[in-house]
Amino acid sequence: MPSKKLAATPWSDRIFDLVVYVAITMVTVVTLYPFLNVLAISFNDSTDSIKGGITIYPRVFTLKNYETIFAYSGLMTGFKISILRTVIGTILGLISASMLAFTLSRVDFQARKFVSTFLALTMYVSGGLIPFYILIKNLDMMGTFGVYVLPSLVSAFNVFVIRSFIDGLPYALQESAKLDGANDFTIYWRIILPLTKPALATITLFLAVGQWNAWIDTYLYNGSKDTLTTLQYELMKVIQSTTTNADTFRGRNMTQVMAQISPESVKMAITIVVTVPILLVYPFLQRYFVKGMTLGSVKS
């Protein structure tokens with residue numbers, strides 16, 4: 001016998017709920033299947049993967065694909081540099097954007113409109129790659145770790161997201177803090193930052209993903225520096241070496257390596273290697289992410 005609550009629910013609501021559940025299930029399957037398929041191929045034997053038909057689980061399990069990747073000499077150096085640039089770049093970028101956003105949110109800052117307009121123009125106007133390359137070269141930043149952090153220290157989009165969130169906070173909080181003798185830095189550090197966690201978490205995710213996935217700056221500015229290589233750049237070279245028969249795997253000729261693995265299997269394994277570390281960061285920021293995006297984007 002159906003419960004009273006179920007019986008009281010109109011049929012239209014039941015149909016709507018069913019459609020919603022079906023739609024969510026389909027979106028979940030469409031979202032998860034490609035990742036699970038890549039994961040399965042990365043753990044599947046290369047010669048068997050060529051036959052096709054791999055779904056969400058490996059048909060012939062093997063770790064050979066990952067052994068091949070981690071046998072690459074520059075991988076661990078790239079992994080360390082990528083972690084270092086992600087941590088340092090994210091922290092410095094977050095501090096810079098939040099401090100500038102706090103300054104622009106102050107009604108007593110006389111250059112507020114000018115700086116805001118100048119920042120907005122940078123979102124639409126760019127000098128281009130060649131002038132930027134010349135600038136980095138003239139600043140003597142070629143072959144340095146700073147080229148990973150300093151050029152992307154301030155992003156106009158990040159500043160505006162955080163500033164919009166700060167504008168939604170009661171200004172009386174800052175006024176009362178001033179009456180208690182707090183200076184501007186104390187207000188920023190002890191009042192503004194704790195209250196803007198959702199916006200900061202959103203920007204943290206943007207910065208971390210951008211730093212982790214970056215490789216073009218390594219190619220342009222640090223391509224000849226083995227000690228400053230990044231994971232993405234090294235894995236890009238691994239993909240190239242699997243198709244050019246380059247002698248890169250600790251003295252082993254790639255024709256010998258390719259007899260055991262296929263480029264497709266290596267690509268799938270590389271995808272997992274570069275995706276999982278940054279994917280693990282998201283659960284820690286998820287509860288702030290949606291709130292930070294919605295509240296930070298609807299206010300002006």
Do any N or O atoms from the side chain of [X] and from the backbone of [Y] form a donor-acceptor pair under 3.5 angstrom?
X	Y	answer
Asp45	Thr47	yes
Tyr148	Leu228	yes
Asn44	Val60	yes
Gln211	Val87	no
Thr77	Gly74	no
Thr122	Leu119	yes
Asn37	Ile54	yes
Ser176	Ala172	yes
Asn158	Ala97	no

Decide whether [X] and [Y] are clustered together by the hydrophobic rule: side chain heavy atoms of Ile, Leu, Val, Met, Phe, Trp, Tyr closer than 4.5 Å, transitively.
X	Y	value
Phe145	Met76	no
Tyr133	Trp215	yes
Leu280	Ile278	yes
Ile192	Phe185	yes
Val276	Val38	yes

ask   = Do Leu231 and Ile81 pass the side-chain contact (heavy atoms from CB on, under 4.5 Å) test, and can you show the C-alpha distance, the side-chain angles, and the key distance before you say yes or no?
value = CA-CA 7 Å; Leu231 179 64; Ile81 297 298; over 6 Å; no

[atom1]-[atom2] distance between [X] and [Y], expressed to the nearest 0.5 angstrom:
X	Y	atom1	atom2	value
Ile191	Thr196	CD1	OG1	11.5 Å
Thr275	Ile270	OG1	CD1	11.0 Å
Leu193	Ile162	CG	CD1	9.0 Å
Leu205	Leu200	CG	CG	13.0 Å
Leu135	Met141	CG	CE	8.5 Å
Gln174	Thr186	CD	OG1	12.0 Å

When you look at [atom1] of [X], are more than 12 heavy atoms from neighbouring residues, nucleotides or ligands closer to it than 6.0 Å?
X	atom1	answer
Phe61	CZ	yes
Tyr33	OH	yes
Tyr171	OH	yes
Ile130	CD1	no
Arg106	CZ	yes
Tyr219	OH	no

Looking at [X] and [Y], what are the two nearest heavy atoms and their distance?
X	Y	answer
Ser105	Phe102	OG-O, 2.6 Å
Gly143	Lys225	O-CE, 3.7 Å
Gly146	Pro151	O-CD, 3.5 Å
Pro277	Phe79	CG-CE1, 4.5 Å
Leu92	Leu153	CB-CD1, 3.6 Å
Ala269	Asn65	CB-CB, 4.1 Å

task = Tell me yes or no: between the side chains of Ser98 and Tyr188, is some donor less than 3.5 Å from an acceptor?
result = yes

query = Thr230 and Thr218: side-chain donor and acceptor closer than 3.5 Å?
reply = yes

request  = Could you walk me through whether Trp212 and Ile83 pass the side-chain contact (heavy atoms from CB on, under 4.5 Å) test, one step at a time?
outcome  = CA-CA 7 Å; Trp212 181 262; Ile83 292 179; 3.9 Å; yes

key: Parallel, tilted or perpendicular, as decided by the 30° and 60° cut-offs, for the rings of Phe157 and Phe206   = tilted

task = Pick out which of Lys237, Lys80, Glu234 makes a side chain to side chain donor-acceptor pair (under 3.5 Å) with Thr229.
result = Glu234

With side chains defined as the heavy atoms from C-beta onward, is the minimum distance between [X] and [Y] less than 4.5 Å?
X	Y	answer
Tyr233	Ile216	no
Phe43	Thr62	no
Met142	Val147	no
Phe160	Met123	yes
Leu129	Leu220	yes

Please enumerate all residues that pass side chain to side chain donor-acceptor pair (under 3.5 Å) together with [X], with sequence neighbours excluded.
X	answer
Tyr66	Ser42
Thr144	none
Arg59	Asp48

ask   = Can you list the steps and then say if Lys178 with Glu175 is a salt bridge (charged side-chain N to carboxylate O under 4.0 Å, His left out)?
value = CA-CA 5 Å; Lys178 282 188 175 182; Glu175 293 178 338; over 6 Å; no

Sequence neighbours excluded and cut-off under 3.5 Å, please list the side-chain donor-acceptor pairs for residues 109-116, or say none.
residue, atom, partner, partner atom, Å
Arg112, NE, Leu104, O, 2.8
Ser116, OG, Arg112, O, 2.8
Ser116, OG, Arg163, NH1, 3.2

ask   = Mind checking who shares a hydrophobic cluster with Val27, ILVMFWY linked at side-chain heavy-atom distances under 4.5 Å?
value = none

query = Rest of the hydrophobic cluster containing Val19 (Ile/Leu/Val/Met/Phe/Trp/Tyr, side-chain heavy atoms under 4.5 Å)?
reply = Ile15

task = Could you please spell out the steps behind the side-chain contact (heavy atoms from CB on, under 4.5 Å) verdict for Leu195 and Phe165?
result = CA-CA 9 Å; Leu195 293 177; Phe165 197 95; 5.6 Å; no

inquiry  = Please evaluate residues Leu235 and Ile69 with respect to the criterion side-chain contact (heavy atoms from CB on, under 4.5 Å), reporting the C-alpha separation (whole Å), side-chain torsions for both, the decisive distance (0.1 Å), and the verdict.
reply    = CA-CA 8 Å; Leu235 294 180; Ile69 294 176; 3.9 Å; yes

